[in-house]
Amino acid sequence: MLKLILILLVSLPAFSSYDGLDAQFLKTQKIAETSRACCNFVSHPVLDSLGLFQFLDAEKLGTHSYHQKEKDPMGLVYTCKGGFVDVAHLRDNADWTAHILFNLPKWIGSGKTIDARNEGGFKSRRVYFPKMEPKKISELSSDDLAKISVAMGFGFATLHEIVTGFSIAVSFPVTLVMYERASSFSVEDQYSNLLGAHLGAEAAQAKGPYEDEMTKILSRTIKKLSPLSLDETKAVHESLHHRWWKKDLLGRNRMVAKRNYGFKGEIFGDTVAGLSQCQNMEPLPVEVPDKLSNGMSVSDYFLIQGEVNRKFTRQMIKSKKMVKPIITQKDYPGFISTIKEMNDTELHSP
């Protein structure tokens with residue numbers, strides 16, 4: 001045990017980004033503990049009134065607040081190289097990933113199970129870190145640790161998209177239940193989720209306080225993606241009415257006609273062809289980490305586990321595809337394929 005502790009102290013980085021954050025909160029909070037209430041891709045009177053559908057001026061990103069202890073700007077921004085970016089999802093995933101990276105040195109290789117925030121559809125959500133020899137831990141670089149953290153943070157975001165794909169994630173308020181499936185894997189989600197995870201890891205490894213670093217990195221990244229103005233973003237979104245989305249007072253799943261089911265490899269944001277502001281601009285993909293410097297996979301070091309409840313089980317039985325008491329990242333391909341099939345069938349049904 002002493003040997004393992006010494007190896008960890010020598011090989012794993014210290015994070016000056018802890019500065020300015022509540023150390024006790026970092027130690028006690030659960031993985032993916034909080035989320036910002038925004039943003040849906042479809043305009044609807046109920047969503048609009050609750051602030052769940054809004055746009056954001058890329059010039060007014062403001063400062064980043066870890067787990068939004070103070071309200072930070074949220075909304076959709078259209079970018080030429082990444083399509084629509086949901087800044088709320090991006091911020092959430094950045095914070096989740098930073099929290100994981102801050103704590104990973106004491107979790108990885110420990111043989112422990114760490115709780116994550118629970119949500120509708122599950123009895124519990126957690127991460128198991130397989131017991132490993134000290135050598136396998138000491139050979140990991142800081143870049144490897146960042147990759148593991150990004151993959152894990154994005155894995156929880158994808159698990160959320162899966163559960164909403166079965167229309168069971170939200171039970172209160174009742175008025176939101178009908179919109180859940182429409183929000184699952186909507187066109188901006190996965191790109192924003194993954195981009196945020198990468199930015200959070202970068203900010204967590206930087207020299208300055210996390211919130212300051214994240215504020216700078218977010219601004220720099222959105223500029224790199226070539227954002228349109230607020231009015232242009234709104235105009236692009238409206239131009240996609242009846243193509244990527246449509247109004248539906250009942251909030252049915254067919255509100256969203258364009259989705260992005262990416263969960264591995266390179267994920268591209270869906271861009272709109274023919275925009276004069278974006279001529280000759282190549283899309284900028286974001287990569288889901290996989291292989292580490294030692295040749296192992298990120299998934300060799302953790303296993304996400306979502307223990308489903310009865311309601312989720314009933315929904316799985318209805319799909320006639322997959323029934324699992326515990327969902328792990330190994331099950332994602334099958335569940336995502338099922339959700340895509342259900343959505344495609346519903347979209348093209350009379």
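Since this is a predicted model, take the numbers as computed values, not measurements.
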Quick note, salt bridge (charged side-chain N to carboxylate O under 4.0 Å, His left out) partners involving residues 73-93, not counting sequence neighbours, are Arg36-Asp92, Asp72-Arg91
_Test: salt bridge (charged side-chain N to carboxylate O under 4.0 Å, His left out). Region: residues 293-302. Which pairs qualify, not counting sequence neighbours?_
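Not a single pair qualifies under salt bridge (charged side-chain N to carboxylate O under 4.0 Å, His left out).
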To the nearest 0.5 Å, how far apart are [atom1] in [X] and [atom2] in [Y]?
{"X": "Ile108", "Y": "Ile148", "atom1": "CD1", "atom2": "CD1", "result": "3.5 Å"}
{"X": "Leu159", "Y": "Gln329", "atom1": "CG", "atom2": "CD", "result": "9.5 Å"}
{"X": "Ile304", "Y": "Ser299", "atom1": "CD1", "atom2": "OG", "result": "8.0 Å"}
{"X": "Ile339", "Y": "Ser319", "atom1": "CD1", "atom2": "OG", "result": "9.0 Å"}
{"X": "Lys234", "Y": "Asp231", "atom1": "NZ", "atom2": "CG", "result": "6.0 Å"}
{"X": "Thr97", "Y": "Ile31", "atom1": "OG1", "atom2": "CD1", "result": "10.5 Å"}

Candidate pair Phe335 and Lys324, rule side-chain contact (heavy atoms from CB on, under 4.5 Å), full reasoning: CA-CA 10 Å; Phe335 275 101; Lys324 294 264 187 175; 4.2 Å; yes
(Q) To check you understand the geometry: which heavy-atom pair defines the closest contact between Ala58 and Leu228, and what is its length? (A)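 Minimum heavy-atom contact is CB-O, 4.4 Å.
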On a heavy-atom basis, the closest approach of Gln190 and Phe154 is NE2-CZ, 3.3 Å
Residue pairs meeting disulfide (SG to SG under 2.5 Å), one or both in residues 196-245, sequence neighbours left out, come to none
Who pairs with [X] by ring-ring contact (aromatic ring centres under 6.0 Å, His included), at least two apart in sequence or on another chain?
{"X": "Phe55", "result": "Phe53, His237"}
{"X": "Trp244", "result": "none"}
{"X": "Phe185", "result": "Tyr261"}
{"X": "Tyr66", "result": "Tyr210"}

Side-chain donor-acceptor contacts of residues 284-292 below 3.5 Å, not counting sequence neighbours, with atom names and distances?
unit_1	atom_1	unit_2	atom_2	d
Asp290	OD1	Ser297	OG	2.9

For Arg243, the salt bridge (charged side-chain N to carboxylate O under 4.0 Å, His left out) test, sequence neighbours excluded, returns none
- Query: Mind checking whether Ile162 and Ile326 sit in one hydrophobic cluster, side chains of I, L, V, M, F, W, Y counted as touching below 4.5 Å?
  - Reply: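 Ile162 and Ile326: separate clusters.
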Item to complete: Please answer: with hydrophobic residues joined when any side-chain heavy atoms are less than 4.5 Å apart, are Phe268 and Leu195 in the same cluster?
Response: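 No, it is not one cluster - the side chains of Phe268 and Leu195 are not joined through contacts under 4.5 Å.
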Notebook entry, point to check: Counting only heavy atoms not in Lys112, do more than 12 fall under 6.0 Å of its NZ?
Noted result: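 Open.
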Quick note, ring pair (Phe, Tyr, Trp, His ring centres under 6.0 Å) partners involving residues 104-143, not counting sequence neighbours, are His99-Trp107, Trp107-Phe129, Phe122-Phe312
message = Taking the basic N atoms (NZ, or NE/NH1/NH2) and the acidic carboxylate oxygens, is any pair closer than 4.0 Å for Glu213 and Lys207?
response = no
Basic-acidic side-chain contact under 4.0 Å: Glu202, Arg220:
yes
Throw together a table of side-chain donor-acceptor distances under 3.5 angstrom for residues 269-283, partners on residues two or more places apart or in other chains.
unit_1	atom_1	unit_2	atom_2	d
Asp270	OD2	Asn260	ND2	3.0
Gln277	NE2	Glu232	OE2	3.4

For Lys71, the side-chain contact (heavy atoms from CB on, under 4.5 Å) test, sequence neighbours excluded, returns Gln68, Met74
Per side chain to side chain donor-acceptor pair (under 3.5 Å), Ser35 is matched among Arg117, His160, Glu119, His67 by Arg117
ask   = Run the side-chain contact (heavy atoms from CB on, under 4.5 Å) check on Tyr191 and Thr79 step by step: do they pass?
value = CA-CA 12 Å; Tyr191 187 83; Thr79 67; 5.5 Å; no
